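Here is how names work: the chains are called A, B, and so on, in the same order as the sequence lines, proteins then strands, and each is numbered from 1. This one's a predicted model, so the numbers in the text were calculated from it and none came from an experiment.
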Amino acid sequence: ETILTNAFRSMLARAAQASELEAACYLFAPAKDAQSGGHRMRPDWAEGGRPLSISRGSISSALLEATGASRAEMNRMYNQLHEIGEVALALRERGGRQRLLRLPAPLTAGSVHRTLLGLADLSGSGVEKTKTQRLLGLLRAAEGSELKWLVRTFLPHMAAGISLEASVLPALGAAWVIQAAQTSSVQVRATADEIREAQDVVRTGYALRPDVRALVDALLEGGLARVRTACTLHAGVPMQPMLAKPCTSTEELLKRLIGAFPSSDNGVVRISAEFKYDGQRAQIHRSAAGEIRVYSRKLDDMTSKYPDVVAAVRRCARSQQAFVLDAEIVAVVSRSTGDAALGEAARPGGVEIAAFQTLSTRKRKHVTEVNAASAAVAVKLFLFDLLLRGDEVLLQWPLVQRRAAMREEFAAEADVLDFAEAIDLDATAIVSAAHGATDMPSASASAPSASAAAVLDEALQRSVAGSCEGLMVKRLDGPYEPSTKRSDSWLKLKKDYVESMGDSLDLVPIGGWRGSGRKSRWISPWLMATFDPEEGTFGSVCRVMSGFSDKFYKENTIRYLGSELSALGKASDAAATEAATEAEQEAEEDAEEVGDAASDGEGGSDLDVCGAGGESDDVGSQGGGGKSALRLHRAAPGVDTGDKPQFWFQPSEVWEIRGADITISPKHMAAKGLVDPQKGLSLRFPRFMKKREDKRLQDATTPQQLAAMFLKQTQQR
DNA sequence: ACTGTCTGCCCC
DNA sequence: ATTCTGC
DNA sequence: GCAGAATGGGCAGACAGT
């Protein structure tokens with residue numbers, strides 16, 4: 001953070017232009033997140049805004065050409081240095097600088113930014129070649145250690161994630177106050193409070209108006225005061241949506257909502273339990289000019305995917321004012337068709353909420369208002385918040401008032417648009433004065449009410465019966481807090497969080513992969529299966545990586561593979577072996593060979609020759625020392641899966657796995673033939689709960705049981 | 001033209 | 001999405 | 001209490017290879 005702040009300070013001191021500051025912001029934080037990689041070079045919601053992705057291939061090709069090195073040389077360097085930026089420098093040293101006819105112009109943040117922006121716009125065939133050429137241009141122009149940083153910037157995943165909103169922009173804010181204080185005649189140093197305040201202003205401004213250029217412009221023109229006024233919610237510019245925190249019981253939920261912030265109503269806390277529809281979040285804007293746009297939770301522009309939503313909102317708006325809505329789009333199927341198929345008496349039509357999986361089959365491109373109803377999946381919109389009306393920003397209004405304004409401003413339309421179902425209640429117990437609660441004043445007034453918990457429980461049941469995931473429970477007196485952080489005044493209570501609800505399966509680990517990063521010494525994820533004792537078959541259901549403690553990983557990796565995986569297993573060849581000897585590792589051959597197989601992403605072509613065959617079926621061995629008793633050369637007999645794990649295991653025990661829903665899967669083959677002739681069943685959001693030491697293979701969930709659970713779930717809808 | 005594989009600030 | 005760990 | 005990591009299912013699209 002200090003480094004970033006100092007970098008911005010020096011730019012500000014030299015009166016850098018807005019375009020340079022903007023470029024620097026993006027270049028300091030090239031990766032959106034560790035999940036997807038990809039480079040962000042402009043706001044996603046902007047016209048043509050799309051992330052830039054540069055393949056490893058393009059980077060290394062450009063690097064080879066720029067340095068004149070051979071591929072073998074590069075690999076050798078990589079094995080020594082383990083970091084591609086350093087490799088780039090070393091290769092340039094070694095190869096000597098290539099002589100160019102014309103010296104390229106020195107790089108600036110702005111010029112690099114512009115080039116990368118250009119790359120993001122490429123498409124069609126031959127893009128990789130063009131990308132390589134343009135990267136080459138940048139690499140040739142790089143001086144000194146610029147080369148190292150340039151190469152690192154190209155990578156989709158930098159070793160350390162630096163986030164634009166969490167690190168870079170706050171640093172810019174800090175730099176601004178520090179410089180301002182220094183140049184003012186009165187004050188020399190900015191206080192810690194001033195710095196914190198500045199960071200906050202910038203963070204908030206960006207959450208409300210995620211536009212780096214607008215932020216930089218405001219800062220340069222009028223400092224933090226200008227950021228406050230200019231970087232606020234605008235119709236047509238999506239803001240960070242407000243997020244909710246998960247909560248696992250109604251009692252806990254009440255406590256947390258009451259504690260979120262003090263009540264302004266004599267200790268009484270009113271809350272609203274809204275249905276949590278299982279669809280896609282949508283932030284819908286209508287500008288003053290009347291243009292309607294739909295944005296995703298990640299601020300992507302989805303307008304072209306949902307022309308029918310746009311039309312519905314236009315029809316249902318009671319006025320011509322600008323607005324910003326928060327809503328959920330869900331898939332629906334017409335009710336009459338379903339009933340007709342069952343030969344029931346025709347009902348007056350209407351629609352039913354369909355599963356999320358149905359929504360996801362909707363076309364993403366070329367959806368028109370005309371084909372939306374026939375060619376694409378039909379959808380219904382559930383509104384739950386209004387953040388802007390006319391030129392009034394409603395973010396600070398309490399939810400009750402925002403909701404009232406929303407209901408004034410829009411009219412529901414059958415099958416197409418409605419308000420999210422909501423049940424309002426007091427979270428606090430009403431401790432009447434008659435009971436003489438005078439000696440315990442505020443504490444008693446703020447106690448969670450037992451009847452409130454009961455109301456919530458019932459609402460939860462109803463929401464599930466109504467094809468919802470559960471509840472969103474909100475403080476009725478709370479503001480809307482656009483943020484990358486989750487707020488305490490919105491909590492989500494999903495059926496699968498609650499002990500007694502949701503699907504819990506008893507599955508058998510049949511395979512696994514080597515983990516990466518902090519899990520690189522362990523098996524992660526694990527491949528889980530049902531067991532059919534009649535047929536002796538195992539059908540894969542899901543991979544699991546969530547819910548395991550480090551201790552569990554360690555113990556069970558040893559149990560299944562005989563030892564932990566070598567930490568050095570990542571490097572590919574001789575270099576790894578050399579290094580291994582010097583290390584503390586008593587690198588068993590087993591682990592070493594495992595490392596090789598995992599070497600470059602896919603690997604796995606060379607077949608396992610593992611030391612321990614699948615000889616022992618005895619589950620008894622608590623595998624502390626010896627060879628792995630549980631690893632197999634190939635899938636155990638009877639295994640059916642579309643997945644291909646790096647390691648296969650002898651099925652031998654039962655683990656409890658929880659999930660939210662059961663889905664029809666193209667990859668997992670459990671219960672194949674029972675619901676669909678080709679496809680099996682899988683689990684959405686799978687996570688490990690605990691080992692079932694009390695259960696044997698024969699007690700694992702069977703394909704028949706799984707199919708029955710699936711059918712019950714679909715009937716509920 | 002067809003199929004297979006991989007990617008996505010994907011959506012959850 | 002979910003979950004765990006380290007700060 | 002929060003940020004950061006490491007990954008889940010599954011879809012339409014895009015691109016590569018035949």
Side-chain angles (χ1 to χ4, degrees), chain A residues 26 29-46 49-53 55 120 123-128 156-157 160-167 210 243 245-246 248 276-282 296-302 305 328-330 355-367 376-377 469 484-486 488 492 494 496-497 513 515-520 522 524-528 541-553 601-602 643 657-668 679 681-689:
Chain A
Y26 284 125
K32 163 67 178 180
D33 56 39
Q35 261 186 83
S36 56
H39 302 62
R40 178 161 54 170
M41 289 291 146
R42 69 178 142 212
D44 321 299
W45 46 267
R50 71 174 74 88
L52 163 63
S53 77
S55 71
S123 65
S125 66
V127 286
E128 291 304 311
H157 302 263
I162 299 176
S163 129
L164 187 61
E165 36 282 272
S167 309
L243 302 176
K245 285 183 179 164
T248 57
K276 186 176 191 304
Y277 297 88
D278 191 7
Q280 192 178 353
R281 184 93 178 251
S296 76
R297 192 177 92 93
K298 295 282 192 52
L299 311 191
D300 223 9
D301 189 337
M302 300 189 300
K305 182 177 169 184
E328 189 82 7
I329 297 172
V330 296
F356 175 79
Q357 215 175 358
T358 307
L359 180 65
S360 66
T361 64
R362 187 178 168 112
K363 300 275 170 280
R364 294 171 195 168
K365 299 200 163 168
H366 313 299
V367 180
V377 173
E469 290 184 281
T484 46
K485 283 192 216 170
R486 291 168 187 278
D488 280 319
K492 56 176 167 179
K494 292 179 42 168
D496 55 296
Y497 298 165
W513 289 259
S516 57
R518 63 182 300 280
K519 296 188 180 177
S520 62
W522 306 319
S524 177
W526 299 76
L527 182 62
M528 308 298 298
V541 172
C542 60
R543 302 177 182 189
V544 212
M545 47 67 57
S546 187
F548 300 110
S549 67
D550 287 6
K551 180 163 164 280
F552 182 98
Y553 276 121
E602 279 309 288
D643 220 338
I657 309 293
R658 185 172 270 267
D661 290 296
I662 296 162
T663 56
I664 293 181
S665 171
K667 181 164 92 171
H668 295 292
K679 296 177 174 180
L681 295 178
S682 186
L683 252 193
R684 181 149 76 134
F685 309 145
R687 61 264 199 192
F688 171 83
M689 304 307 285

Any N or O donor-acceptor pair under 3.5 Å from the base of D/dC11 to the side chain of A/Arg364? yes
Distance check: side-chain N/O of A/Ser546 vs OP1/OP2 of C/dC4, anything under 4.0 Å? no
Who passes side chain to side chain donor-acceptor pair (under 3.5 Å) against A/Lys492, sequence neighbours left out? none
How many whole angstroms separate atom CG of A/Asp278 from atom P of D/dC11? 14 Å
Atom pair distance, as rounded to whole Å: CG in A/Asp496 and P in C/dT3: 8 Å
Side chain to side chain contact (heavy atoms under 4.5 Å, CB included) test vs A/Asp278 passes for just one of A/Glu328, A/Arg684, A/Lys494, A/Gln357, namely A/Arg684
Classify the nucleic acid contact of A/Ile664 as base, sugar-phosphate or nothing, counting any heavy atom under 4.0 Å across all strands shown. sugar-phosphate
Rounded interatomic separation in angstrom, taking OH from A/Tyr277 and C1' from C/dA1: 21 Å
With side-chain contact (heavy atoms from CB on, under 4.5 Å) as the criterion, how do A/Arg687 and A/Asp496 come out once you've worked through the C-alpha distance, each side chain's angles and the decisive distance to 0.1 Å? CA-CA 11 Å; A/Arg687 61 264 199 192; A/Asp496 55 296; 2.8 Å; yes
Can you find a side chain N or O atom of A/Lys494 that sits less than 4.0 Å from OP1 or OP2 on C/dT2? yes
Given atom CH2 of A/Trp522 and atom C1' of D/dA6, what is their separation to the nearest angstrom? 11 Å
Take atom CG of A/Leu681 and atom P of D/dG9, then tell me their distance rounded to the nearest Å. 14 Å
Hey, does the side chain of A/Arg362 reach the backbone of A/Lys305 with a donor-acceptor pair shorter than 3.5 angstrom? yes
Would you tell me if any nitrogen or oxygen in the side chain of A/Lys667 comes within less than 4.0 Å of OP1 or OP2 on D/dG9? yes
Using atom CZ of A/Arg518 as one end and atom P of D/dA6 as the other, report the distance to the nearest whole Å. 7 Å
If the cut-off is 4.0 Å, is A/Ser360 near the phosphate of B/dC11, judged by side-chain N/O to OP1 or OP2? no
Show the numbers, then the answer: is there a side-chain contact (heavy atoms from CB on, under 4.5 Å) between A/Phe552 and A/Trp522? CA-CA 10 Å; A/Phe552 182 98; A/Trp522 306 319; over 6 Å; no
note: A/Phe685, atom CZ; B/dC12, atom C1'; distance rounded to Å ~ 4 Å
Report yes if the side chains of A/His668 and A/Leu683 come closer than 4.5 Å at any heavy-atom pair, otherwise no. no
Evaluate the ring planes of A/Phe688 and A/Phe548, with Trp represented by its six-membered ring, and classify them as parallel (under 30°), tilted (30 to 60°) or perpendicular (over 60°). parallel
Is the phosphate of D/dG10 approached by A/Ser665 (side-chain N or O, under 4.0 Å from OP1 or OP2)? yes
Only stems of 3 or more consecutive Watson-Crick or G-U pairs count here, both distances under 3.5 Å; name the ones for DNA chain D, or none. B:1-8 with D:11-18, B:10-12 with D:8-10, C:1-7 with D:1-7
To the nearest angstrom, the CG-C1' distance between A/Asp550 and C/dT3 comes to 11 Å
Is the shortest side-chain N/O distance from A/Lys679 to OP1 or OP2 of D/dG10 below 4.0 Å? no
